[in-house]
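The figures that follow rest on heavy atoms only: side chains count, while hydrogens, waters and symmetry mates do not. Computed from a prediction, not measured in an experiment: that's the story for all the values here. Counting starts at 1 for both ligands and their atoms, in listed order.
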Amino acid sequence: MTDIPPSHPRYLSLITRERLVEMVHRGIASEAGLIAHGRGEAYDYLIGERTNDFAEKAERAAVASLLLAEHPVISINGNAAALSGKELIELGRETGSLLEVNLFHRTGERVERITEYLISLGAKHILGPEPDARIPGLDHARALCHKDGIYSADVVLVPLEDGDRAQALKKMGKKVITIDLNPLSRTARAADITIVDNIIRAIPNMVSLAKEMKKTAEEELQKIIDSYDNEHILRSALEEIGRAVDRL
Ligand code: ATP
Ligand code: MG
């Protein structure tokens with residue numbers, strides 16, 4: 001990796017980029033993933049590169065939903081594995097969610113590499129390499145999934161997801177949670193819970209919340225979910241972007 005001094009004002013953003021580039025070389029993230037990350041970074045600037053209230057509320061509702069689900073599944077793509085692999089495994093453990101590798105630019109080889117990478121980080125069980133079901137309405141490779149995983153999940157966390165697949169999962173009747181810095185993306189608008197936050201902040205926050213909230217009574221968790229309003233959350237994120245002018 002190149003030498004980036006920790007004193008550089010954009011240190012975190014720069015080392016995150018370096019990490020993603022390295023993960024492309026290792027065959028874990030895709031080249032297109034670099035472009036998707038750049039789009040995310042632009043929105044992160046606009047929301048002040050911090051976990052705002054609207055994100056914190058969504059993270060809380062998301063954790064409550066995973067904890068109360070019958071069959072929660074966390075979908076992991078190249079960027080998610082590259083940026084938050086270790087923390088996603090921990091979130092799976094704390095919420096009792098299965099992990100499934102699911103790629104937009106799917107190749108069998110990259111699914112294998114990501115699976116091996118997650119196992120090297122301590123994951124016990126990863127779905128993905130041997131898909132045996134299809135998400136209706138999507139073209140061939142993007143539709144592939146596991147019957148015991150995403151296909152039969154009642155709640156799915158799909159960070160950094162594509163709009164088409166998020167909509168297809170919604171149509172299957174699932175509760176869809178996403179992490180997406182762009183509050184206007186089709187994914188952000190299709191999801192039941194949209195966390196407008198950088199995945200590198202959102203997942204560690206959700207791990208802490210899960211540790212705390214798994215001791216909370218089910219009725220309390222249900223109240224958090226019932227009082228959650230995603231349209232309000234998306235509006236709040238856009239209002240925050242509007243307030244960027246005040247930071248000049
Ligand atoms: P959609 O298909 O939902 O309309 P899109 O085509 O604009 O969105 P995709 O490339 O399909 O974008 O999905 C990537 C999404 O992930 C983008 O909306 C981007 O803002 C978001 N994103 C990228 N990097 C991060 C990150 N580190 N944290 C959170 N969100 C991110
Ligand atoms: Mg897309």
N/O to N/O below 3.5 Å, does that happen between Y43 and ligand 1? no
Geometric N/O contact I199 with ligand 1, under 3.5 angstrom: yes
Quick one about E161 and S75 (side-chain donor to acceptor, distance below 3.5 Å, no hydrogens or angles considered), yes or no? no
Testing [options] for side-chain contact (heavy atoms from CB on, under 4.5 Å) with [X], which one passes?
X: E112; options: E116, R110, E109; result: E116
X: N198; options: L181, I179, L12, T16; result: L181
X: L98; options: L127, I126, I74; result: L127

Protein contact of [atom] - nearest heavy atom, named by residue and atom, plus distance:
atom: atom 11 (O) of ligand 1; answer: D162 OD1, 3.3 Å
atom: atom 31 (C) of ligand 1; answer: L160 CD1, 3.6 Å
atom: atom 5 (P) of ligand 1; answer: R39 NH2, 3.9 Å
atom: atom 30 (N) of ligand 1; answer: L181 N, 3.2 Å
atom: atom 8 (O) of ligand 1; answer: S185 CB, 3.7 Å
atom: atom 22 (N) of ligand 1; answer: G40 CA, 3.9 Å
atom: atom 4 (O) of ligand 1; answer: R186 N, 2.9 Å
atom: atom 13 (O) of ligand 1; answer: E161 O, 3.5 Å

Note: [X]-[Y] ion pair, threshold 4.0 Å (strictly below):
X: D162; Y: R165; answer: no
X: E212; Y: R60; answer: yes
X: K86; Y: E90; answer: no
X: E240; Y: R247; answer: yes
X: K174; Y: D192; answer: no
X: E49; Y: R10; answer: yes
X: E231; Y: R235; answer: yes

So, of the N/O/S atoms that D162 has, which is the nearest one to the Mg ion (ligand 2)? OD1
Quick test of your reading of the structure: of N79, D180, L184, I195, whose heavy atom lies closest to atom 15 (C) of ligand 1? D180
Only heavy atoms count here, so choose which of I35, N77, N198 is nearest to atom 27 (N) of ligand 1. N198
What atoms of ligand 1 come within less than 4.0 Å of a heavy atom belonging to [X]?
X: T187; value: 1 (P), 3 (O)
X: N182; value: 18 (O), 20 (O)
X: G163; value: 1 (P), 2 (O), 3 (O)
X: A36; value: 10 (O), 19 (C), 23 (C), 24 (N)

Check step by step if salt bridge (charged side-chain N to carboxylate O under 4.0 Å, His left out) holds for R142 and D139. CA-CA 6 Å; R142 285 193 299 140; D139 59 39; 3.4 Å; yes
Does even one non-hydrogen atom of D44 get within less than 4.0 Å of ligand 1? no
Taking heavy atoms and a distance under 4.0 Å, where does E41 meet ligand 1: side chain, backbone, both or neither? neither
Part of D197 within contact of ligand 1 (heavy atoms, under 4.0 Å): backbone
Has D164 got an N/O/S atom less than 2.8 Å from the Mg ion (ligand 2)? no
Supply the atom-to-atom distance I193 CD1 to T178 OG1, rounded to the nearest 0.5 angstrom. 11.0 Å
